[in-house]
Amino acid sequence: MQIARRSFSSNSALKSASILALLVAVSLIAGCATVKTGPYEISAYDEQGNVIKTANITVTDTRSLAVPLNGFCIAYPKSLVVARPADGSKPVERQC
């Protein structure tokens with residue numbers, strides 16, 4: 001009676017899962033690193049592209065931009081919320 005060896009396939013699956021987890025972690029960190037600190041103008045747009053509400057905020061860390069974005073999405077469901085940095089760098093958009 002022979003015992004089938006599956007150590008190669010299980011090691012391969014484990015390596016694939018580890019690599020996938022590492023890639024996900026790196027992409028999440030990179031996504032957070034793209035938010036710059038400083039002044040932002042946040043605007044909510046309706047489905048026709050009209051401005052519903054605009055507010056000016058100052059971002060002090062990478063997490064402090066999420067709070068007003070979430071607040072705008074709660075207040076204006078189905079809107080497009082855009083946070084534009086005052087320095088002209090790439091805006092952050094969220095479809096609610």
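Predicted, not measured: the structure shown is a model, and the values here were computed from it.
Y45 and V81 fall into different hydrophobic clusters, where Ile, Leu, Val, Met, Phe, Trp and Tyr residues are linked whenever their side-chain heavy atoms come under 4.5 Å apart, directly or through other members. Criterion: ILVMFWY side-chain heavy atoms under 4.5 Å apart, direct or through other members. Under it, V51 and L69 are not part of a common hydrophobic cluster. Clustering ILVMFWY residues whenever any of their side-chain heavy atoms sit less than 4.5 angstrom apart, transitively, puts V82 in a cluster other than the one holding I52.
In this structure, CD in E47 is found 9.5 Å from OG in S79, a value given to the nearest 0.5 Å. From E93, atom CD reaches atom CZ of R84 across 7.5 Å, with rounding to the nearest 0.5 Å. Atom CG of residue L80 and atom CZ of residue R94 lie 11.0 Å apart, to the nearest 0.5 angstrom. Taking SG of C96 as the reference point, atom CZ of F72 lies at 10.0 Å (rounded to 0.5 Å). The distance from atom CG of L65 to atom OG1 of T60, rounded to the nearest 0.5 Å, is 10.5 Å.
Between the side chain of N70 and the backbone N or O of A66, at least one donor-acceptor pair lies under 3.5 Å.
Closest of all the heavy-atom pairs between D87 and S89 is OD1-OG, 2.8 Å. Smallest separation of non-hydrogen atoms from V59 and D61: CG1-O, 3.0 Å. Here the closest heavy-atom approach between residue A83 and residue P85 is recorded as O-CD, 3.6 Å.
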Next item on the list: Determine, stepwise, if the pair S43 / T54 fulfils side-chain hydrogen bond (donor to acceptor under 3.5 Å, both in side chains).
Entry: CA-CA 4 Å; S43 301; T54 299; 3.2 Å; yes

